[in-house]
**Student:** 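My questions will all concern the structure given below.
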Amino acid sequence: MKEKELRRSLSVLPIGTVMKLTDLSARQIRYYEQQGLVIPERNEGNRRMYSLNNVDSLLEIKDYLSEGINMAGIRQIYAQQKEEETAQKNRLQQSLTDKDVRRILHEELEAVSGLTDRSQDLDIHKKKL
DNA sequence: GTTCTTACA
DNA sequence: TGTAAGCA
């Protein structure tokens with residue numbers, strides 16, 4: 001099923017479709033791109049074209065954001081995603097199993113869990129004091 | 001009609 | 001982040 005991954009990597013969705021699929025504003029989607037997250041391809045007319053994988057990434061980012069993780073933390077997670085992709089490519093050459101890859105990803109996610117932005121909570125506490 | 005960039009409330 | 005302006 002390698003063809004399936006190929007299709008998911010095809011950038012064929014205009015930002016308007018991605019907006020509906022992710023429930024994010026064009027502003028947010030473009031901003032995340034500036035932050036180095038989910039860089040879409042560009043068509044002949046300089047229009048952003050996203051792949052299903054890109055949509056998944058945006059959905060993931062949205063989750064992290066709702067969990068209180070700031071952009072810096074997501075940036076690191078993104079860098080890890082890059083590593084994961086590389087790992088996937090080498091999976092065939094090397095003898096890494098899907099389980100190994102998942103374990104590594106999980107460990108990496110836990111590593112950044114400490115980056116959760118609680119500044120707002122702290123501010124609330126200060127106000128109470 | 002849709003998206004792009006830039007800039008400002 | 002939202003929104004407006006001026007292009008493509």
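All chains are named by letter (A, B, ...) in the order of the sequence lines, taking the proteins before the strands, and each is independently numbered beginning at 1.
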**Student:** Taking side-chain contact (heavy atoms from CB on, under 4.5 Å) as the test, write out the residues that go with A:Ser51, two or more places apart.
**Tutor:** A:Ser11, A:Asn53, A:Asn54
**Student:** Please report the interatomic distance CD1(A:Ile29) to CD1(A:Ile15), rounded to the nearest 0.5 Å.
**Tutor:** 4.5 Å
**Student:** Any sub-3.5 Å donor-acceptor pair from A:Lys62's side-chain atoms to A:Thr22's backbone N or O?
**Tutor:** yes
**Student:** Specify the separation, in whole Å, of atom OH of A:Tyr50 and atom P of B:dT3.
**Tutor:** 10 Å
**Student:** What's the spacing between A:Leu21 CG and A:Leu52 CG if we round to 0.5 Å?
**Tutor:** 8.0 Å
**Student:** What pairs of donor and acceptor atoms, side-chain ones from residues 42-50 of chain A against any protein atom, are under 3.5 angstrom apart with sequence neighbours left out?
**Tutor:**
unit_1  : atom_1 : unit_2  : atom_2 : d
A:Arg42 : NH1    : A:Asn46 : O      : 2.9
A:Arg42 : NH1    : A:Asn46 : OD1    : 3.3
A:Asn43 : OD1    : A:Gly45 : N      : 2.9
A:Asn43 : OD1    : A:Asn46 : N      : 3.1
A:Asn43 : OD1    : A:Arg47 : N      : 2.7
A:Arg48 : NH1    : A:Glu33 : OE1    : 2.7

**Student:** Please list, by residue number, the residues of residues 40-49 of chain A whose heavy atoms come closer than 4.0 Å to an atom of DNA chain B; answer none if no residue qualifies.
**Tutor:** A:Arg42, A:Asn46, A:Arg47, A:Arg48
**Student:** Can you pull the contact range of chain A along DNA chain C, 5' to 3', using atoms under 4.0 angstrom from its heavy atoms?
**Tutor:** C:dT1 to C:dA8
**Student:** Would you compute the distance between atom CG of A:Leu59 and atom OH of A:Tyr64 and round it to the nearest 0.5 angstrom?
**Tutor:** 11.5 Å
**Student:** Considering only heavy atoms, which members of residues 10-24 of chain A lie under 4.0 Å from some atom of DNA chain C?
**Tutor:** none
**Student:** To the nearest Å, give me how far apart CZ (A:Arg27) and P (B:dT2) are.
**Tutor:** 21 Å
**Student:** Mind checking whether A:Ile39 and A:Tyr32 have side chains closer than 4.5 Å, heavy atoms only?
**Tutor:** no
**Student:** Measure the spacing between CG of A:Leu13 and CE of A:Met19 and express it to the nearest 0.5 Å.
**Tutor:** 13.5 Å
**Student:** Could you summarise the pairing of DNA chain B as dot-bracket text, marking Watson-Crick and G-U pairs under 3.5 Å with ( ) or [ ] inside the strand and | across strands?
**Tutor:** .|.|||||.
**Student:** Out of curiosity, A:Ser25 OG to A:Gln28 CD, how far, rounded to the nearest 0.5 Å?
**Tutor:** 3.5 Å
**Student:** Separation of A:Glu33 atom CD from B:dC4 atom C1', in whole Å?
**Tutor:** 11 Å
